[in-house]
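Step one of this worksheet: look at the structure below.
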2 protein chains.
Amino acid sequence: MNEITKRQKDYLNAAIGLVSERGFSKLTFRNIAQEVGVTEASVYRHFSNKLDLLRALLKDLEESIAPHFEKLVDTSIPPKERLEQLIKGLFCAFEKNSAHTSIIFSEEAFHSEEELRNDLKSISERNISFLSSFYKDLQENQLCRSDIDSKELALVTLGSIKLTVTRWRICEKNLGLEDAVSNLINTHSVLFNLRNE
Amino acid sequence: MNEITKRQKDYLNAAIGLVSERGFSKLTFRNIAQEVGVTEASVYRHFSNKLDLLRALLKDLEESIAPHFEKLVDTSIPPKERLEQLIKGLFCAFEKNSAHTSIIFSEEAFHSEEELRNDLKSISERNISFLSSFYKDLQENQLCRSDIDSKELALVTLGSIKLTVTRWRICEKNLGLEDAVSNLINTHSVLFNLRNE
DNA sequence: TTAAAGTAAGTTATCGTTAACTAACATATT
DNA sequence: AATATGTTAGTTAACGATAACTTACTTTAA
């Protein structure tokens, strides 16, 4: 609910780095404190408990990802470019902090906390709905195949993005992310018969 | 390496149930022991440490999933049916034990253990390669669109399957898995222009 | 009778969390 | 200007719970 303070943001950045580099299981008050250079108890000055911290973390990550999906409905840009910008934007964010993928894409992480699980669900459904209305608009303007429901197209796109990121993470960044992105865009163009006009 | 004993299998089943119902973080020696009805130390009679247990768990899950992918190359069955059987088979396995999804699909769970991360990677690549050669064969027989590389098609399919399972899990099984399956198959038929002959 | 399976009772380490207290600074009152 | 009050961000030290893991002893079954 409340706005985040500058100092809280410091702690959150430490948390994000921790998840990115050492995994979700290493996200502890001790480790965050160590990263920031303070004591464990000090973290409690800014987050009253772990749920509170996770809530803030999820919100912070959502705010860094949502804009990419929102841009999908900006009709001043050619549709294929919009999709390209979404994919590139997301992958760029993921490259900077793979915590984004760990958290945004991992329902497992929040298995125990129903509230956070629901938050994660909302974020995911919102992203799907942006993608879906993007495709619906294209279909209505004959810029995309319309023999498949726009929501199904959205699910295919999101699934591909998630899988690509997952594989890229697991391969320890061996395979080029750039190539993966252009493959993704090309595959979508052909498969969905995307046109700019 | 070694074959698994009957008693070990009991413990693994308990472990799978645990992950399915209470999440990966609740997979502890204490909880496994409690499920089986023995003492914590007893579990150590069968698995020398946690890495050993996770190794066995991963192998066990792989053995229950691999056959579904292997059936893809059985040319005695019409191709569309083969794909349908893969998807249905996987979803059926996931419905019985959602641990399969937590583990097979979650790179996060094994973030800290490089050995297991590599195992997971191998399993994933193997599955992709089965799907890929399935599509390649179809393409060579003009039973599938061939303007996109078979591996890209495989990635789209796997991504869709994973996303569908994830969403189904997160929604607490509210939305029907049956519908999701038939949607998936239909979307693939149309999108990939799949034919039986 | 001997090897496999189980137990009780510990170890050490780390987790989230709290309590009691301090130093530095801003604001308000006299 | 000087004093009083409040806030912010930090400290040390401990709490109970739980994790992985060990040792020494007992039961059970081929």
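Naming convention: chains lettered A, B, ... in sequence-line order (proteins, then strands); numbering from 1 in each chain. All values derive from a computational prediction rather than experimental measurement.
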Exercise. At under 4.0 Å, does any side-chain N or O of B:H46 touch on OP1 or OP2 of C:dG6?
Worked result: yes

Exercise. So, is A:Y11 close to the D:dG10 phosphate, meaning a side-chain N or O under 4.0 Å from OP1 or OP2?
Worked result: yes

Problem set entry | Distance, rounded to the nearest Å, where A:Y44 contributes OH and D:dC15 contributes P | 17 Å

Exercise. Can you check whether A:S42 has a side-chain N or O nearer than 4.0 Å to OP1 or OP2 of D:dT11?
Worked result: yes

For this session: Indicate whether OP1 or OP2 belonging to C:dC15 is found under 4.0 Å from a side-chain N or O atom of A:T28.
Result: yes

Exercise. For A:T39 and D:dT11, is the shortest distance between a side-chain N/O and OP1 or OP2 below 4.0 Å?
Worked result: yes

Problem set entry | Flag if over 12 foreign heavy atoms under 6.0 Å of NZ, A:K50 | yes

Problem set entry | d(CZ, B:R7; P, D:dT28) in whole Å | 14 Å

Problem set entry | Spacing between B:Q34 atom CD and C:dG6 atom P, to the nearest angstrom | 16 Å

Problem set entry | Short side-chain donor-acceptor distance under 3.5 Å, B:T157 and B:H188 | yes

Exercise. Rounded to the nearest Å, what distance is computed from the NZ atom of residue B:K26 to the C1' atom of nucleotide D:dA20?
Worked result: 16 Å

Problem set entry | Nearest-angstrom distance from the residue atom CZ of B:F47 to P of D:dC21 | 13 Å

Problem set entry | SB check B:E21 B:K26 (cutoff 4.0 Å) | no

Problem set entry | Of the listed nucleotides C:dA20, D:dA24, D:dA20, the one nearest the side chain of B:E40 | D:dA20

Exercise. Is there a donor and acceptor pair, one atom on the side chain of B:R30 and one on the base of D:dA19, closer than 3.5 Å?
Worked result: yes

Seminar exercise, completed: Of the listed D:dT22, D:dC25, D:dA19, the closest approach to the B:R45 side chain comes from D:dC25

Exercise. Rounded to the nearest Å, what distance is computed from the CZ atom of residue A:F29 to the P atom of nucleotide D:dG16?
Worked result: 20 Å

